[in-house]
Amino acid sequence: MELTANDIITWVNKTNEKIQNNKEYLTSLDQAVGDGDHGINMARGFKEVVAKLDDNSYENASDALKDTAMTLMSKVGGAAGPLYGTAFLKLSTSLKDKSAEYTHFLNGLEESLAGLKQRGKSQEGEKTLIDVWAPVIEKMKEQEDFDAALLKDTAESALEKTKDIKATKGRASYLGDRSIGHLDPGSVSSFYVFEALAETIEGGG
Amino acid sequence: MESAGIVLISHSAKVAEGIKEIIHQVEKNVPIELAGGTDDDRIGTSVEKIQTAIDHAHTEGGVLLIYDLGSAMMNAEIAVEMSDFDDIEIANAPLLEGAYVAAVESGMGKSLAQVKQAAERALQGD
């Protein structure tokens, strides 16, 4: 299966719906371990992305992803802006002049993960969104085409595991052991991103 | 060589303004530009504000960026990567003390590398 520019728009729209519906929930999670602005920031950023993609037409997935990235960078604020912006920009750059079929898309996600690690100077096991992106990509590498159910399940179980991790990066790291027992807000929003991708795949193809 | 410009990047516009005021007591000739708050003036940082501040603060002596908390650094890095200038440095320094020392050193005509180094040693007191 190959993702078209329209699929990217569907992916972004579905992500936006989940974030808008869970804005208060993301905020409450971030109040427990961070500075409490993740829900507001993500809701604002993705609303702007939807408007941006709606106002333009795209010939390929890469271009739609680029506008997504640039809008997230400038509109989200907080750590999520540069992180999600970088992730989508790396995916866009990796898919430039290529079809977004499975192998290319997966290579792009690997570039996104490398970008997240580099931008956040972080790695797996530090209670950040990387703890969702990394296992999802690992699992995808075992497959040869998109598997919506597997994608969602992998993201969900990875998300649950962030509860037991002690934060050593980001604002939550100031809380030390107090961060244990709470879900990482960035991992929850990343779960929405992958759940939305799974639903996009189910709807198309 | 012109004095290197300085960009103050803070999660709060008020913090950035306040630091500029303090620096002005000792140094008025170094370009100091502010990138405080998000582009709708909430707490946070904005790549666009940082880019604009870089363009205004830049001199032939280059420009030094100083930031306050984690995400400010990420946005500073993005702004540097997107800029056409290749003489921008990011100081890993306390915002107030680092910017204060940097402004004084820049005003004395020190190079960008020296200004950055001075900012990063601001708390060492030697």
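Letters A, B, ... are given to chains in the order of the sequence lines, protein chains preceding strands, and every chain is numbered from 1. No experiment lies behind these values; they were computed from the predicted model shown.
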Practice prompt. Rounded to the nearest 0.5 Å, what's the gap from CD on B:Glu2 to OG on B:Ser106? Could you check?
Written response: 10.0 Å
Item to complete: Take the angle between the ring planes of A:Trp133 and A:Phe88 and call it parallel below 30°, perpendicular above 60°, tilted in between.
Response: perpendicular
Discussion item. Under a 3.5 Å threshold, yes or no: a donor from one side chain and an acceptor from the other, between B:Asp40 and B:Thr38?
Written reply: yes
Worksheet item: More than 12 heavy atoms of other residues, nucleotides or ligands under 6.0 Å from NZ of A:Lys117: is that the case?
Response: yes
Discussion item. Side chains of A:Tyr84 and A:Ser190 only: does a donor on one sit below 3.5 Å from an acceptor on the other?
Written reply: yes
Worksheet item: Hey, what do you get for CG (B:Leu69) to OG (B:Ser10), rounding to the nearest 0.5 Å?
Response: 7.5 Å
Item to complete: Salt-bridge test for A:Glu142 and A:Lys139: reply yes if a basic N is under 4.0 Å from a carboxylate O, no otherwise.
Response: yes
Worksheet entry | Region of A:Lys169 that comes under 4.5 Å of a non-hydrogen atom in chain B | neither
Worksheet entry | B:Val47 vs A:Ser74 side-chain heavy atoms within contact, under 4.5 Å | no
Discussion item. Under 4.0 Å between a side-chain nitrogen and a carboxylate oxygen: does that hold for B:Lys49 and B:Asp41?
Written reply: yes
Worksheet item: Any residues in residues 75-92 of chain B near chain A, with a heavy-atom distance under 4.5 Å, and which are they?
Response: B:Asn75, B:Glu77, B:Ile78, B:Glu81, B:Met82
Worksheet item: Residues of residues 21-29 of chain B under 4.5 Å from chain A (heavy atom pairs)?
Response: none
Response to the item:
Of the listed A:Leu83, A:Asp37, A:Val76, A:Ile40, the one with the largest count of heavy-atom pairs under 4.5 Å with chain B is A:Leu83
Worksheet item: Considering residues at least two apart in sequence or located in another chain, which fulfil the side-chain contact (heavy atoms from CB on, under 4.5 Å) criterion with A:Asp153?
Response: none
Worksheet item: Hey, are A:Lys127 and A:Asp184 close enough for a salt bridge, meaning a charged N less than 4.0 Å from a carboxylate O?
Response: no
Discussion item. Under 4.5 Å from any heavy atom of chain A, what part of B:Thr45 do you find: side chain, backbone, both or neither?
Written reply: backbone
Worksheet item: Hey, is A:Asp177 close enough to A:Lys166 for a salt bridge, meaning N to O under 4.0 Å?
Response: yes
Worksheet item: How long is the gap from CD on A:Glu156 to NZ on A:Lys152, to the nearest 0.5 Å?
Response: 5.5 Å
Discussion item. Out of A:Ala80, A:Gly81, A:Gly78, A:Gly85, return the one with the most heavy atom pairs under 4.5 angstrom to chain B.
Written reply: A:Gly78
Worksheet item: If contact means a heavy atom pair closer than 4.5 Å, which residues of residues 8-19 of chain A contact chain B?
Response: none
Worksheet item: Does the side chain of A:Tyr102 reach to within under 4.5 Å of the side chain of A:Gln143, using non-hydrogen atoms?
Response: yes
Practice prompt. Indicate whether any N or O donor in one side chain lies under 3.5 Å from an N or O acceptor in the other, for A:Ser157 and A:Glu160.
Written response: no
